[in-house]
S.K.: 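I am attaching a structure below and will ask some questions about it afterwards.
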Amino acid sequence: HHSGVACHLIKPDGVLRNLTAEVINRFTRKGFKLVGLKMVTPSKEHLEKHYADLSSKGFFASLIEYMQSGPVVAMVWEGDNAVKTGRVMLGATHPKDSAPGTLRADFAIDIGRNCFHGSDSVESAKAEIALWFPEGVNSYKHPLEGLIYE
Ligand code: DAT
Ligand code: MG
């Protein structure tokens with residue numbers, strides 16, 4: 001199989017709403033392997049880099065302010081199609097458009113309080129992992145791999 005990696009964040013509202021364990025549980029039950037995990041209170045500069053592609057948007061300032069409102073939990077998940085499947089598990093950007101059973105559909109209402117982030121492409125995953133985990137991530141063989149992959 002061809003493992004990929006995706007960077008996911010539990011945003012400050014998700015952390016304060018005690019959704020950290022729920023997210024980790026969903027991704028691990030799916031079969032993804034956790035290779036990076038930490039709680040961090042990011043600086044404005046760090047968040048402006050993370051959302052650099054949105055800097056011209058009208059909501060940029062409020063997005064950065066919201067993302068700075070408390071600690072976030074940053075994760076790196078490894079597994080086949082980690083980026084694509086991770087986005088499916090998150091749901092659409094606006095929770096009203098998110099499919100039932102996705103994280104944003106199940107736990108959020110407002111686009112500006114959508115609780116979770118996931119890399120939207122393999123390239124952005126690479127950049128986000130470098131930004132959030134400059135120290136690198138972990139490499140280990142998961143004991144259940146033979147049960148998860150054919
Ligand atoms: P996603 O988080 O699904 O990758 P995005 O990268 O386009 O979506 O935007 C990043 C975040 O910015 C998103 O999770 C919530 C916020 N956002 C996006 N579009 C918005 C809008 N039209 N109004 C307010 N906030 C918005
Ligand atoms: Mg995005």
Side-chain angles (χ1 to χ4, degrees), residues 1-139 148:
H1 64 103
H2 305 283
S3 267
V5 279
C7 186
H8 282 254
L9 303 175
I10 305 169
K11 297 180 181 182
D13 51 339
V15 172
L16 294 181
R17 291 179 57 203
N18 295 321
L19 297 173
T20 300
E22 173 75 24
V23 174
I24 294 174
N25 197 28
R26 286 190 183 204
F27 278 76
T28 48
R29 283 187 307 174
K30 171 74 176 167
F32 287 135
K33 180 166 70 175
L34 187 60
V35 296
L37 174 70
K38 65 180 167 190
M39 179 178 269
V40 46
T41 303
S43 68
K44 188 165 180 274
E45 292 67 34
H46 182 99
L47 291 165
E48 285 170 351
K49 279 184 201 158
H50 175 74
Y51 280 130
D53 59 322
L54 298 174
S55 60
S56 64
K57 302 284 187 186
F59 58 81
F60 187 68
S62 61
L63 173 63
I64 299 299
E65 191 183 353
Y66 150 58
M67 290 296 294
Q68 264 202 289
S69 63
V72 310
V73 172
M75 300 162 289
V76 179
W77 291 99
E78 185 183 305
D80 285 11
N81 301 304
V83 166
K84 196 162 181 256
T85 303
R87 291 288 295 193
V88 172
M89 291 169 71
L90 279 192
T93 302
H94 200 309
K96 75 174 161 56
D97 303 320
S98 300
T102 63
L103 282 160
R104 285 167 172 170
D106 289 355
F107 298 110
I109 294 173
D110 196 335
I111 190 170
R113 294 290 184 272
N114 65 3
C115 295
F116 315 104
H117 166 82
S119 308
D120 66 0
S121 68
V122 170
E123 300 73 56
S124 62
K126 201 176 165 203
E128 289 168 10
I129 292 166
L131 179 64
W132 291 92
F133 294 88
E135 70 277 22
V137 295
N138 302 274
S139 178
I148 290 162

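Side-chain atoms are counted along with the backbone in the values below, which use heavy atoms only and exclude waters and symmetry mates. Every number for a ligand or one of its atoms is a count from 1 in the order of the listing. The chain is numbered in sequence order, starting from 1.
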S.K.: Counting non-hydrogen protein atoms only, what is the nearest one to atom 15 (C) of ligand 1? Give residue, atom name and distance.
M.R.: Ile111 O, 3.4 Å

S.K.: Using 4.0 Å as the upper bound for N to carboxylate O, is an ion pair formed by Glu45 and Lys49?
M.R.: no

S.K.: Can you list the atoms of ligand 1 that are under 4.0 Å from a heavy atom of Arg87?
M.R.: 1 (P), 3 (O), 4 (O)

S.K.: Between Lys11 and ligand 1, find which residue part has any heavy-atom pair under 4.0 Å and reply side chain, backbone, both or neither.
M.R.: side chain

S.K.: Check each atom of ligand 1 against the heavy atoms of Asn114 and keep those under 4.0 Å away; list them by number with element.
M.R.: 13 (C), 14 (O), 15 (C)

S.K.: Judging by distance only, is a nitrogen or oxygen of His117 under 3.5 angstrom from one on ligand 1?
M.R.: no

S.K.: Looking only at N/O atoms, are Arg104 and ligand 1 under 3.5 Å apart anywhere?
M.R.: yes

S.K.: Taking the side chain from Arg104 and the backbone from Phe116, do they hold a donor-acceptor pair closer than 3.5 Å?
M.R.: yes

S.K.: Does an N or O anywhere in Thr93 fall below 3.5 Å from an N or O of ligand 1?
M.R.: yes

S.K.: Starting from atom 18 (C) of ligand 1, locate the nearest protein heavy atom and write down its residue, its atom name and how far away it is, to 0.1 Å.
M.R.: Phe59 CZ, 3.4 Å

S.K.: Are any side-chain N or O atoms of Lys30 and backbone N or O atoms of Gly86, one a donor and one an acceptor, separated by less than 3.5 Å?
M.R.: no

S.K.: Treating Thr85 as the side-chain partner and Ala82 as the backbone partner, does any N or O pair qualify as donor plus acceptor under 3.5 Å?
M.R.: no

S.K.: Which ligand 1 atoms are under 4.0 Å away from a heavy-atom of Leu54?
M.R.: 6 (O), 9 (O), 10 (C)

S.K.: Donor-acceptor check, side chain of Arg17 to backbone of Phe107, threshold 3.5 angstrom: yes or no?
M.R.: yes

S.K.: Any non-hydrogen atom of Tyr51 lying under 4.0 Å from ligand 1?
M.R.: yes

S.K.: Return yes if some donor-acceptor pair links the side-chain N/O of Ser119 with the main-chain N/O of Ser124 below 3.5 Å, else return no.
M.R.: no

S.K.: Under the 3.5 angstrom rule, does the side chain of Ser98 hit a backbone N or O of Ala92 as a donor-acceptor pair?
M.R.: yes

